[in-house]
Amino acid sequence: MLNKRNSTFVFALTLSLLGAGCASTPKTAETSDANDPYERFNRKAYGFNDTLDRNFFEPVARGYAKVTPEPVRAGVTKFFDNVNYINVIANDLLQGKGGQFASDTGRFVVNSTVGVGGLFDPATKIGLVSHDEDLGQTFGTWGMGEGAYLVVPVIGPNSFRDLPNLASSMALNPLTWVNSIVTIPIGVLSAVNTRANLLEATSIRDQAALDPYTFVREAYRQQREYKIYDGNPPGEGYENYDEEKSDAAVLKIY
Amino acid sequence: MRFNRYLIAGLAALCLGSPAAHAAESSPQATVEKLHSALLETMRDGKSLGYKGRASKLEPVLRDAFDFAGIARLVTGRYWAKLDKAKQQAFIAVFTQLSIATYADNFSSFGNERFETRGVEDKKNAQLVKTAIVKPDGKEDTLDYALGKSADGWRIINVVADGVSDLSLKRAEYTAVIGSNGIDTLIAKLNAKVASYEAANK
């Protein structure tokens with residue numbers, strides 16, 4: 001349970017980590033190789049998370065997915081999306097997206113009331129579609145580089161740019177401020193439900209990946225980039241791969 | 001009479017032998033849509049074809065639509081030029097097999113999905129064809145194809161699914177494996193992947 005002093009501490013900590021991230025990550029052309037200075041630590045954390053997941057979270061999520069009818073899971077997902085939505089609205093504002101801020105505020109109000117506390121999503125039907133914003137994306141739109149990649153124990157893939165969002169999304173989630181008797185079981189449900197929604201994605205990873213650590217890192221980075229540009233990353237094009245040149249590796253693809 | 005017969009035979013040979021008869025389509029969009037219609041057919045008949053049937057149906061389509069040699073060069077990055085010709089060919093071959101296996105495994109059944117082409121954009125050395133696969137409930141995944149113009153038409157060099165570039169993902173993995181264990185290990189791992197797709201579909 002976060003009280004006010006604790007959350008200030010977390011915020012200060014993440015800010016200082018963020019500062020370290022900015023100072024220690026020079027941009028190079030070959031970002032995919034060069035921008036993982038903590039790979040040794042990250043691989044250990046990845047291994048730890050993977051073991052924890054295979055022995056605990058994944059089986060629990062499978063069990064949950066099995067006993068919970070699809071509409072119930074959809075409702076649970078919508079509920080958690082809705083309580084996290086204040087974080088989206090705040091970041092609309094920080095990114096200067098005025099229209100989206102208005103529409104997202106309307107969405108939150110409609111779904112919290114007519115949508116029975118967020119269990120349903122009537123807002124989408126009246127044109128108030130959902131958006132995906134967070135503090136890491138905001139920093140991205142402000143021009144901040146991604147910073148070093150970081151695998152956070154238990155939590156998973158992250159980066160120095162995205163780390164502060166862990167604190168801000170928690171602080172802006174109303175459930176954080178409710179009594180811990182309520183918060184803890186709800187937090188567990190949230191984690192299990194999130195994991196259940198990822199079952200398909202992790203089975204793709206298990207099937208396709210040669211080196212799951214690298215696979216997850218690249219997928220994470222690219223999805224972040226994609227979200228920062230709201231689904232339209234600029235894309236720099238492709239090296240002329242017909243010619244016998246050996247510099248294809250320094251190219252950023254798409 | 002005789003002359004005519006030779007003429008016809010000659011013309012037929014010319015048609016069959018000309019690049020136009022075999023090659024990828026003449027526009028980026030046409031190449032992608034041809035692939036999509038073949039995928040839809042494969043999905044519809046997925047169950048009766050079985051994994052082997054899907055793979056053999058898709059193989060010529062995929063070889064036509066994708067520039068596997070170009071992709072192989074891009075995914076191995078700076079290591080490509082250091083490989084001898086035999087290794088390059090071996091890598092292209094196993095990479096092609098893996099792509100066929102992946103498609104045969106993934107496009108196995110039909111749930112009334114449809115493909116939509118949303119537009120074409122100019123990129124450096126490539127054209128980007130933006131599409132989506134849409135489920136009946138309206139949920140969709142975006143699939144953006146990058147195509148390059150090769151001697152025999154427009155061919156796919158990358159697929160970006162929901163923002164994740166297949167080429168970048170594979171290059172990160174493949175160069176990591178080559179860097180630490182060498183090309184033979186990479187080829188062995190890809191062969192093992194092909195085998196695991198076959199085993200999973202037995």
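A note on names: the letters A, B, ... follow the listed sequences, proteins ahead of strands, and every chain is numbered from 1.
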Discussion item. Run the side-chain contact (heavy atoms from CB on, under 4.5 Å) test on B/Thr102 and A/Gln207 for me, step by step, so that the C-alpha distance in whole Å, both residues' side-chain angles and the decisive distance to 0.1 Å come before the verdict.
Written reply: CA-CA 9 Å; B/Thr102 310; A/Gln207 202 172 39; over 6 Å; no

Worksheet entry | Euclidean distance, A/Gln222 CD relative to B/Ser168 OG, rounded to 0.5 Å | 4.5 Å

Fill in: Per-residue contacts, residues 191-202 of chain B versus chain A, heavy atoms under 4.5 Å
B/Lys193, B/Tyr197

Worksheet entry | Working for side-chain contact (heavy atoms from CB on, under 4.5 Å), residues A/Thr214 and B/Leu169 | CA-CA 8 Å; A/Thr214 310; B/Leu169 207 59; over 6 Å; no

Worksheet item: For B/Asp162 and A/Gln223, does a side-chain donor sit closer than 3.5 Å to a side-chain acceptor?
Response: no

Worksheet item: Which residue pairs pass the salt bridge (charged side-chain N to carboxylate O under 4.0 Å, His left out) test when at least one of the two sits in residues 172-185 of chain B, sequence neighbours left out?
Response: B/Lys87-B/Asp184

Item to complete: State which residues pass ring-ring contact (aromatic ring centres under 6.0 Å, His included) with A/Tyr64; sequence neighbours excluded, sorted by chain then number.
Response: none

Discussion item. For B/Phe110, I'd like to know if atom CZ has over 12 heavy atoms of other residues, nucleotides or ligands within 6.0 Å.
Written reply: yes

Worksheet item: Given a strict heavy-atom distance threshold of 4.5 Å, which part of B/Leu98 is in contact with chain A: side chain, backbone, both, or neither?
Response: neither

Discussion item. I'd like to know whether B/Thr142 forms a side-chain hydrogen bond (donor to acceptor under 3.5 Å, both in side chains) with A/Tyr226, so could you lay out the CA-CA distance, the side-chain angles of the two residues, the decisive distance to 0.1 Å, and finally the verdict.
Written reply: CA-CA 12 Å; B/Thr142 61; A/Tyr226 184 73; 3.3 Å; yes

Practice prompt. Using ring-ring contact (aromatic ring centres under 6.0 Å, His included) as the criterion, list what pairs up with B/Tyr145, not counting sequence neighbours.
Written response: B/His36

Worksheet item: Under a 4.5 Å heavy-atom cut-off, does chain A meet the side chain of B/Asp122, its backbone, both or neither?
Response: neither

Response to the item:
Distance col, row A/Asp211:CG vs B/Asn181:CG, nearest 0.5 angstrom, shows 9.5 Å

